[in-house]
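Have a look at the structure below, then the notes.
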Amino acid sequence: MTVTSHVSLGLTKQLTRLHQVSHYQLTKHFTTMPCPFLTKLTTAYVRNYAPTLLKMYGSQCPVMSQSMSSMASASKELEEPDNSVTKKCPFLNEVTDMVKEASQEDIIELDSKPVNDVFQYDKFFHQQILKKKKDHSYRIFKKVNRLAGPGQFPKAVEYSWGERPITVWCSNDYLGMSCHPEVKNAVRTALDQYGAGAGGTRNISGNSIYHEKLENTLAALHQKEGALLFTSCFVANDSTLFTLAKALPGCHIFSDEGNHASMIQGIRNSKVPKHIFRHNDPEHLEELLKAVDVNVPKIVAFETVHSMTGAVCPLEELCDIAHKYGALTFVDEVHAVGLYGNHGAGIGERDNQLHNMDIISGTLGKAFGNVGGYIAGSASLVDMIRSYAAGFIFTTSLPPTVLAGAVKAIEILASDEGRELRTRHQENVKYLRNTLLRHGFPVEHTPSHIIPIKIGNPQQCNQVSDMLIKQKGHYVQAINYPTVARGQEKLRLAPTPHHTKELMDMLVSDLEEIWIKLGLSFTGLQCSKECKFCNKSILFDYFEERTRKCSNEIICNIPNCPQMVAAL
C-alpha cells in the first residue's frame, strides 16, 4: 500500500473518530462550531466519502491541511498531531482531551449507575405518610353520603364502620341550599336542556347564557360593575392575586397572617415583596404600609370571616387604612356570602362597606350550596383578570347544572325566605354556643356562625370525632395540622337553621359523656353571679354581631372572657 493510501486511510479514521466525538459532545456543548466534518455529516458518510471531503474541505481545516502538506510523515503526524496546529482550531481547543481519548479507545463510555441505585420513590412516599401518622395529622376521610330528600337535611348515611344514619354538624352547606327543592329543580331542568358538561373552557366552547347571567347576578349582589367565575374560590384567590401582583409594576402585597392557603399560594408564587400583618390588626397593617411609598402599587388581602376560628375582621378599619396609603383591598367573603347582609352579600353588605371593598372573592360551594368561586370588582379589573389569569383561561368552565343551581340559590337567599333562614341560623348558633358554654366546654368565643371547641391535641381530637360518629351518630370532623397550627387542634361545629333544639341538646349531652370518658377538662367560661359579661346580655348581642366594640370599662376575672378579649 502506498504512502498516499496510508495517509488517506489514516485521515479517514481520524475524521471518523472526531465525528464520533462531535456527535457525543459537540451537539451538547458546541453546536455553533462550523466544522463540516463534525456537525453536519453522519458517520457512514464520513467513512465512505473521506477522500472527496478531504479534497474539497481539507485545506480549510488546520488539522487536515497540516496533515496533507506533510504526506511524507503522514503516519507520525496522525499518531501525534502537532499541538501548535491544534491550537488554531477553535473546536479542537475545546475537545483536545476528548480527541485523544477517542483515538486511544475509539469508544466513549457513558457513566451509568446500577439499577439498584435508582431512587426508591415508593419508599420515600411511604416514609412521608408515616410522618403524618406518627404526629396524628394523617387524614382518614369519613365515608358519608348526605341525604337530600324532603326534610332529610342535615341527615346522612355513614359507611366507615358499617352503614348507619348520622347527623352532620360540620358541613359548610350552612343553610342547606344544596337540598332546597327549587335549587334541585333548577339543576334538573338545566341537565335535561343542556347536559352535564360545559364542553371546554369559556373561550373554546364553555361560555353560555347561564355563565353571563350568574356573573351579572353576582356583580349586582356585591354592587360591583363586573364579576368573573372560576372553578373554585381556591382558584379564584390564587389566580387573581398572582395575576394582579405580577401585572402591577413594583407591586407590594400586605397579607393577614390568618389568610387562607389559596391566598397564600397566589401571593407566594407571584414572588413580589410581601408584608404579613397580625391577624385582624389594623394598627399593625398601618405600621407596615407607612414603610412603603404611597405611589407604589399595593394590595391588602384579608378575610371577613376566618374559616377555622370564626373571627370577624374589623372591615371598615382595614379598608380605610389600606386606601389611606394607596392600596387596593382584596377581601375574601367565602364564609360570609349568603349568611350576612340583607341580601346575603356578606359582611361587606351587613357593615355597609361594599363601596370600600375593591375586589371581593366568594364561593358558590358553601352557603349557596353548589360549587365554584368568583371575584367581583370594577369592569376594567375583572376584564384584566379574565384576559390574563391562567387559572381562568385554561380551565374547563363550570357546567350548566351548577350555574343554574347557583343562580337560584342566590335569588332565594336575597329574598324574604333567605332573610328568615339567616335569622333562624343565627338563633341556632347562639343556642348551641351558649349550651356548650354552660356545660364548660372550651368553646372559642367568636362573633360568627362557626363554633370551634379547642382540644389542642391531635390524637384526642381524632378520638372525640371518631367516638361521636361511631357511638352516638354525630359527625363533627376533627381539625388538625396543617389546617390549623399545631397545638390548636379543635372540633369545628357549624349548626344550620335545620338543626332542632332537641338535636343540639342531644349533641351536647353525648359530647359531654365522651369528654368525661376521655378525661378531658371542662375549661370553658364558668361565670360567677357578679360577672359583668353575663349580666349585660345586650353587650353580648352587640359583640356577637360585631356592630360595635365592647366597652373598655368592662372588668371580668374569668379567663378568656370575650368582653375582656374585645376590650384588649
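No experiment lies behind these values; they were computed from the predicted model shown.
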* Would you check, one step at a time, whether the test side-chain contact (heavy atoms from CB on, under 4.5 Å) holds for R146 with D173? => CA-CA 11 Å; R146 297 192 306 134; D173 187 3; 3.1 Å; yes

* To do: Indicate yes or no: at least one non-hydrogen side-chain atom of V300 is less than 4.5 angstrom from one of L318.
  => no

* More than 12 heavy atoms of other groups within 6.0 Å of D505 CG -> yes

* Asked: Tell me, which pairs form a salt bridge (charged side-chain N to carboxylate O under 4.0 Å, His left out) where one or both residues lie in residues 377-387, sequence neighbours left out?
  -> D383-R386

* Within-4.5 Å side-chain heavy-atom neighbours: W169 and M504 -> yes

* Flag for N259-D332: side-chain donor and acceptor within less than 3.5 Å -> no

* Can a donor-acceptor pair be found between the side chains of S262 and H260 at a distance below 3.5 Å? -> yes

* Asked: So, does H498 use its side chain to make a donor-acceptor pair with the main chain of L175 at under 3.5 Å?
  -> yes

* To do: Check the pair H343 / E349 against side chain to side chain donor-acceptor pair (under 3.5 Å), numbers first and verdict last.
  => CA-CA 8 Å; H343 301 89; E349 183 184 29; 2.7 Å; yes

* Structure fact -> Smallest heavy-atom separation, P400 atom then A196 atom, equals CD-O, 4.5 Å

* **Side chains of E257 and H284, donor plus acceptor under 3.5 Å** => no

* Asked: Do other residues, nucleotides or ligands put more than 12 heavy atoms under 6.0 Å from the CZ atom of R424?
  -> yes

* **Short side-chain to backbone donor-acceptor contact, K298 and A322, under 3.5 Å** => no

* To do: Using the side chain to side chain donor-acceptor pair (under 3.5 Å) rule, pick out the option among R433, R492, K454, K490 that qualifies with E444.
  => K490

* Asked: Just by modelled atom types, is the A198 backbone N or O under 3.5 Å from a matching donor or acceptor in the T396 side chain?
  -> no

* How long is the gap from CG on L491 to CD1 on I451, to the nearest 0.5 Å? -> 11.5 Å

* Under 3.5 Å, is there a donor-acceptor pair between the side chain of R422 and the main chain of G341? -> yes

* Less than 4.5 Å apart, any side-chain heavy atom of C251 and any of I299? -> yes

* To do: To the nearest 0.5 Å, tell me how far S380 OG sits from I385 CD1.
  => 10.5 Å

* E333 side chain near C233 side chain, heavy-atom distance below 4.5 Å -> no

* Report yes if the distance between the aromatic ring centroids of H275 and F254 is under 6.0 Å, otherwise no. => yes

* Structure fact -> What one should report as the nearest heavy-atom pair of S270 and K246 is O-CD, 3.2 Å

* Closest contact, heavy atoms only, V187 versus G405 -> CG2-CA, 3.7 Å

* **Y174 and T496, any side-chain heavy atoms less than 4.5 Å apart** => no

* Does atom CE of M384 have more than 12 heavy-atom neighbours from other groups under 6.0 Å away? -> yes

* Pair H222 and Y374, ring centroids less than 6.0 Å apart -> yes

* To the nearest 0.5 Å, how far apart are CD in E212 and CG in L403? -> 11.0 Å

* What is the minimum heavy-atom distance between F277 and D256, and which atoms define it? -> CE2-N, 3.3 Å

* Side-chain (S465) to main-chain (V476) donor-acceptor, under 3.5 angstrom -> yes

* Counting distance only, does the side-chain N/O of H439 pair as donor-acceptor with the main-chain N or O of V508 below 3.5 Å? -> no

* To do: Report, as yes or no, whether the 6.0 Å neighbourhood of atom NZ on K472 holds more than 12 heavy atoms from other residues, nucleotides or ligands.
  => yes

* Taking the side chain from T435 and the backbone from Y431, do they hold a donor-acceptor pair closer than 3.5 Å? -> yes

* Structure fact -> Value for NZ (K290) from CG (L288), rounded to nearest 0.5 Å, stands at 11.0 Å

* Asked: Between S160 and E158, is any side-chain donor less than 3.5 angstrom from a side-chain acceptor?
  -> yes

* To do: Give the C-alpha distance, both sets of side-chain angles, the deciding distance and a yes or no for side-chain contact (heavy atoms from CB on, under 4.5 Å) between L511 and L436.
  => CA-CA 9 Å; L511 181 59; L436 289 164; 4.1 Å; yes

* Is it the case that R139 and T483 place a side-chain donor and acceptor less than 3.5 Å from each other? -> yes

* Asked: Short question: side chain of R202, backbone of F392 - any donor-acceptor pair under 3.5 Å?
  -> no

* Check L354 against K224 and note the closest heavy-atom contact, atom names and distance. => O-NZ, 2.8 Å

* **Carboxylate-amine/guanidinium contact K408 E411, below 4.0 Å** => yes

* side-chain contact (heavy atoms from CB on, under 4.5 Å) between L364 and L398, intermediate numbers included -> CA-CA 11 Å; L364 306 173; L398 293 172; 4.2 Å; yes

* Taking D510 for its side chain and H474 for its backbone only, find out whether a donor-acceptor pair lies under 3.5 Å. => no

* For the student: nearest non-hydrogen atoms of M263 and A301, plus distance -> CE-CB, 3.7 Å

* Does NZ belonging to K213 count more than 12 external heavy atoms closer than 6.0 Å? -> no

* Are the side chains of T446 and V312 in touch, meaning some heavy atoms are under 4.5 Å apart? -> no

* To do: Return yes if a side-chain donor-acceptor contact under 3.5 Å exists between K155 and T167, otherwise no.
  => yes

* Asked: Are F153 and M177 side-chain neighbours, meaning at least one heavy-atom pair lies under 4.5 Å?
  -> no

* Option among T329, D320, D351 that satisfies the side chain to side chain donor-acceptor pair (under 3.5 Å) test with N356 -> D320

* Asked: Within a strict 4.5 Å, meaning less than it, do heavy atoms of the E417 and R419 side chains meet?
  -> no

* Asked: Counting only N and O atoms by type, is there a donor-acceptor contact under 3.5 Å from the side chain of N370 to the main-chain atoms of F368?
  -> yes

* Asked: Looking at Y475, is K142 sitting on its ring face, NZ or CZ under 6.0 Å from the six-membered ring centre and within 45 degrees of the normal?
  -> no

* Asked: Rounded to the nearest 0.5 Å, how far apart are OG1 of T363 and CZ of F230?
  -> 12.5 Å

* Asked: Per the side chain to side chain contact (heavy atoms under 4.5 Å, CB included) rule, which among V443, L493, L437 passes with L432?
  -> L493

* Walk me through it: do S255 and K274 pass the test side-chain contact (heavy atoms from CB on, under 4.5 Å)? => CA-CA 7 Å; S255 175; K274 63 179 183 292; 5.9 Å; no

* Asked: Rounded to the nearest 0.5 Å, how far does NE2 of H180 lie from CG of N185?
  -> 11.0 Å

